[in-house]
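Labels below follow one simple rule: chain letters A, B, ... track the order of the sequence lines, proteins then strands, and each chain is numbered from 1.
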Amino acid sequence: MENAIEIKNLVVAYGPKRALDGLSLSVEKGKIFGFLGPNGAGKSTAIKTLLGLVPFYSGDVRVHGLSPADPRARARIGFLPEEATYYRFLTPLETLKFYGEIFSIPKAELKTRIEKLLTLVGLFDVRNKPIRTFSKGMAQKLSLAQALVNDPQTLILDEPASGLDPLARADLRRILHDLRNQGKTIFFSSHELSEAELVCDSIAILEAGRLVLSGSLKEVLGDHRDKNLERFFIETVEAARK
Amino acid sequence: MKPVWALSKLVIKEIFRKKDFYVALILIGVILFYAAQLQFYNVKNIVRYLMEIGLWLVFSFSVILTVTLAARQFPSEIQNRTAAVLLSKPIRRGRFVIGKFLGSFLAGASAFLIFYVLFLAVASAKGGGLASGTAVQTAYLFLLNLMVVAAMASGFSYYLTVSANVSVTLILYLLMGAYGQTLKGRAWAALYYCLPHFEFFDLRQRFIHEWGPISAGLVFFLTCYAAVYTAIFLLLGALKLQRHSL
């Protein structure tokens, strides 16, 4: 099976502090991969590196075989940030049109795709309302729609369930499973472990910039299948800190 | 070039969807209307005073709108966390800098042209001698002036906060416009050659006193002069952004 993401011995330092310290992992194509870790573990730094937002690092990072600095790699990615306030003077329709134009998607194709996406995330009826009137949950739905506007091969989601109510979370899970069934790879960062347990095929646990363990949920839990992921996660992180 | 144009359109939408432009337009309209009503006995060519006030208002508001718009582009992208979303898409950082600048310049230029048409309408209604050649040159050179000042604020926005950038850009703009020529031959001669001379683009006195247009050669030189400074400021911004970790 080919890998959508390959990271080998990645080191990212901010001054004397190493945010990532020799991180190596790979994500198989067509899987939902949970990237877990406590606050400050380095999850966001790893995601930013995958997105080409960190200009200086050592090690090797490949997204679909290309460096993240290469715009062709970024053209295959959709990114949903943990929190973003989109342009408040635009409507959802204009926002998606803007991001579509950044990808140079032809006009007619973009129009059809935007309508589908707005329907998918449940914002079609408010497509012409200014974003400044949106709740946090609605903004998060728009965020998901912008991440899908280029029909990406790989989705990178940073805390995607943040700000969503239980119904919207269930919708998100359904959308992620549908996307996985379409062959898309989903790289999912979270510290909400119940959410990760419900959607992920495989996981990696990060602590202090280092990979503690990774593998399929079955492999990782191994003999600990009687425990839920949250209990297992706490024990694993505490053991890594000792 | 599609991503650059998409970014530019976004900035243009911003200026016309926020209230700053409309506040400036109403202020200019009210002041011009009031000034046009003034009558002083025995004062010849009173329309020149109206033109002086009108052009000053139009130029000042256009510069302020352009500088504030350009200065807040990158910092607000960082603050709202949309910079990471945008730059994770296939747009090169250099194109991001150009798109933000182009949008700020075109937005400022659109605002200026609207103000300028309003001014020309009021001045011509009061019998101002609006020599068309000089009127066009005045507008064209001011657009070059706006281009340089938009590039300056845009380039500085990758180094400075919004308030620091607006202050530094406006202070440099006012100082170079008013005292640029006095720097020559002094201890600050380096500044004379390094900073753009905004006063070169100011044809207001020619326009008001009907001295006629300047030569095409000089207009060409000033176009190149503005293009060089614009490129320098954008390069400074791009160099900083290339090294910026988001």
Do other residues, nucleotides or ligands put more than 12 heavy atoms under 6.0 Å from [X] [atom1]?
X: B:Phe220; atom1: CZ; answer: no
X: A:Arg113; atom1: CZ; answer: yes
X: A:Arg88; atom1: CZ; answer: no
X: B:Phe33; atom1: CZ; answer: no
X: A:Arg180; atom1: CZ; answer: yes
X: B:Lys13; atom1: NZ; answer: yes
X: B:Arg204; atom1: CZ; answer: yes
X: A:Phe56; atom1: CZ; answer: yes

Original post:
Does NZ or CZ of B:Lys89 fall inside the cone over A:Tyr99's six-membered ring, less than 6.0 Å from its centre and within 45° of the axis?
Top reply: yes

Any side-chain heavy atom of [X] sitting closer than 4.5 Å to one from [Y]?
X: B:Glu14; Y: A:Tyr87; answer: no
X: B:Ser245; Y: A:Lys48; answer: no
X: A:Ile102; Y: B:Phe96; answer: no

Subject >> Engaged part of A:Glu82 at the chain B interface, taking heavy atoms whose separation is under 4.5 Å >> reply: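 Neither part.
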
Subject >> Per-residue contact mode, A:Phe89 against chain B (heavy atom under 4.5 angstrom) >> reply: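 Both backbone and side chain.
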
**OP:** Decide yes or no on side-chain contact (heavy atoms from CB on, under 4.5 Å) for B:Arg17 and A:Leu90, but give the supporting numbers first.
**Re:** CA-CA 9 Å; B:Arg17 291 200 181 169; A:Leu90 295 184; 4.0 Å; yes

Subject >> Heavy-atom pair count under 4.5 Å with chain B, highest-scoring of A:Leu50, A:Leu53, A:Leu51 >> reply: A:Leu53

Subject >> Candidate pair A:Tyr86 and B:Thr82, rule side-chain contact (heavy atoms from CB on, under 4.5 Å), full reasoning >> reply: CA-CA 6 Å; A:Tyr86 291 94; B:Thr82 43; 4.1 Å; yes

Nearest atoms (heavy-atom pairs only) where [X] meets [Y]:
X: B:Pro90; Y: A:Phe103; answer: CD-CE2, 3.1 Å
X: A:Arg74; Y: B:Ser88; answer: CB-O, 3.3 Å
X: A:Phe79; Y: B:Val85; answer: CD2-CA, 4.2 Å

Subject >> B:Lys2 (side chain) donor-acceptor with A:Ile105 (main chain) under 3.5 angstrom >> reply: yes

**OP:** Name the option with the most non-hydrogen atom pairs under 4.5 Å to chain A; the candidates are B:Gln242, B:Arg93, B:Lys18.
**Re:**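 If we count pairs closer than 4.5 Å to chain A, B:Arg93 comes out on top.
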
Original post:
What residue, out of B:Leu7, B:Leu10, B:Ile91, B:Leu87, has the most heavy-atom pairs lying under 4.5 Å from chain A?
Top reply: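 With the most close heavy-atom pairs to chain A, the winner is B:Leu10.
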
Subject >> Cationic N near anionic O, under 4.0 Å, A:Glu101 to B:Lys9 >> reply: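 Yes, A:Glu101 and B:Lys9 are salt-bridged.
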
Original post:
What part of B:Gln79 lies closer than 4.5 angstrom to a heavy atom of chain A: side chain, backbone, both or neither?
Top reply: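 Neither part; nothing is under 4.5 Å.
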
